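Down below is the structure, laid out as structure tokens.
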Amino acid sequence: MTEQELREELVRLARSLYERGFSVGSAGNISVALPDGWLMTPTNSCLGFLEADRISRLDRDWNHVGGDRPSKEVFLHRAFYETRPGTGAVVHLHSTHATALSCLEDLDPEDTIPPLTPYVVMRVGRVPLIPYVIPGDPASGELIRGLEGRHPAVLLANHGPVVSGRDLRSAVYAAEELEETAKLAVLLAGRKVRLLKGADIEALEARYAAAMR
Ligand code: 13P
């Protein structure tokens with residue numbers, strides 16, 4: 001895909017997320033790897049109304065070299081690219097149900113999104129909690145680096161998910177899958193739930209996870 005095609009794909013997928021309620025206002029940001037740098041949504045932009053020519057352009061050293069000023073969450077994104085080789089895109093959302101779970105006092109910090117369905121296991125696996133820091137604080141990047149690339153997605157406490165993928169479409173689909181599973185978890189709260197078990201999860205990991213992330 002050319003850079004222009006990637007810009008247009010980013011505008012299209014971001015608008016789709018916005019129109020289906022996965023982001024509101026100016027919440028959320030998305031980045032995509034290029035052969036010589038990154039594209040990133042501008043700070044304070046609305047995912048529903050991005051303009052391809054105004055998307056921020058960063059060089060391979062993360063210097064801002066074109067378009068509007070990049071997202072203040074650049075540290076979150078950079079930590080994924082630098083700890084997970086093969087990452088082609090990163091999506092951060094404040095999607096409602098995942099963010100609701102991120103506010104729960106008794107959430108398991110090692111495992112925030114329950115393995116309810118095969119697709120969430122295939123797309124994001126076990127999702128750890130990152131302790132709360134103020135949005136845009138570089139400490140968020142350090143906390144993600146501390147996971148040493150073991151997880152394609154994390155949940156930021158009282159804030160929302162950050163999801164990586166091998167390309168833009170994979171990262172967006174994984175972010176959607178994470179949010180839908182969080183929604184199921186909220187719907188099922190208080191009910192006796194049958195989770196996928198160790199052997200089911202291992203089979204999914206063996207057959208699909210590597211290809212889908
Ligand atoms: P930006 O507008 O700087 O991308 O920040 C939005 C956001 O989601 C903060 O977490």
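Counting starts at 1 for both ligands and their atoms, in listed order. For clarity, every value in this text was computed on a predicted model and none was experimentally measured.
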Are Tyr173 and Tyr119 an aromatic pair by the rule of ring centers under 6.0 Å?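 Centroid distance Tyr173-Tyr119: not below 6.0 Å, so no.
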
Could you tell me if the side chain of Val154 sits less than 4.5 Å from the side chain of Leu76, heavy atoms only?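 Contact flag for Leu76/Val154 side chains = no.
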
So do Ser102 and Leu156 actually touch side chain to side chain, heavy atoms under 4.5 Å?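 Not touching, per the 4.5 Å side-chain cut-off.
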
Is it true that Arg12 and Glu8 make a salt bridge, defined as a side-chain N closer than 4.0 Å to a carboxylate O?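 Looking at Glu8 together with Arg12, the answer is no, because their closest N to O distance does not fall below 4.0 Å.
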
Should Arg123 and Glu176 count as an ion pair when the cut-off is N to O under 4.0 Å?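 No, Arg123 and Glu176 are not salt-bridged.
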
So, Ser170 versus Asp167: side-chain donor-acceptor pair below 3.5 Å or not?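 Judged by distance alone, the side chains do pair up.
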
Which ligand 1 atoms does His92 reach within 4.0 Å, using its non-hydrogen atoms?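 Every atom of ligand 1 under 4.0 Å from some heavy atom of His92: 8 (O), 10 (O).
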
With atoms numbered from 1 as shown, which atoms in ligand 1 lie under 4.0 angstrom from a non-hydrogen atom of Ser26?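 Close to Ser26: 2 (O), 6 (C).
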
Got the closest protein heavy atom to [atom], with its distance?
atom: atom 3 (O) of ligand 1; answer: Thr43 OG1, 2.6 Å
atom: atom 6 (C) of ligand 1; answer: Asn29 ND2, 3.5 Å
atom: atom 5 (O) of ligand 1; answer: Lys72 NZ, 3.1 Å
atom: atom 9 (C) of ligand 1; answer: Glu73 OE2, 3.3 Å
atom: atom 4 (O) of ligand 1; answer: Ser71 OG, 2.7 Å
atom: atom 2 (O) of ligand 1; answer: Asn44 N, 2.7 Å

Would you call the rings of Trp62 and Tyr81 parallel, tilted or perpendicular, where under 30° means parallel and over 60° means perpendicular?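 Ring orientation of Trp62 relative to Tyr81: tilted.
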
Consider every N or O of Pro135 and every N or O of ligand 1, then say whether any pair is closer than 3.5 Å.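 It does not: no N or O of Pro135 is found under 3.5 Å from an N or O of ligand 1.
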
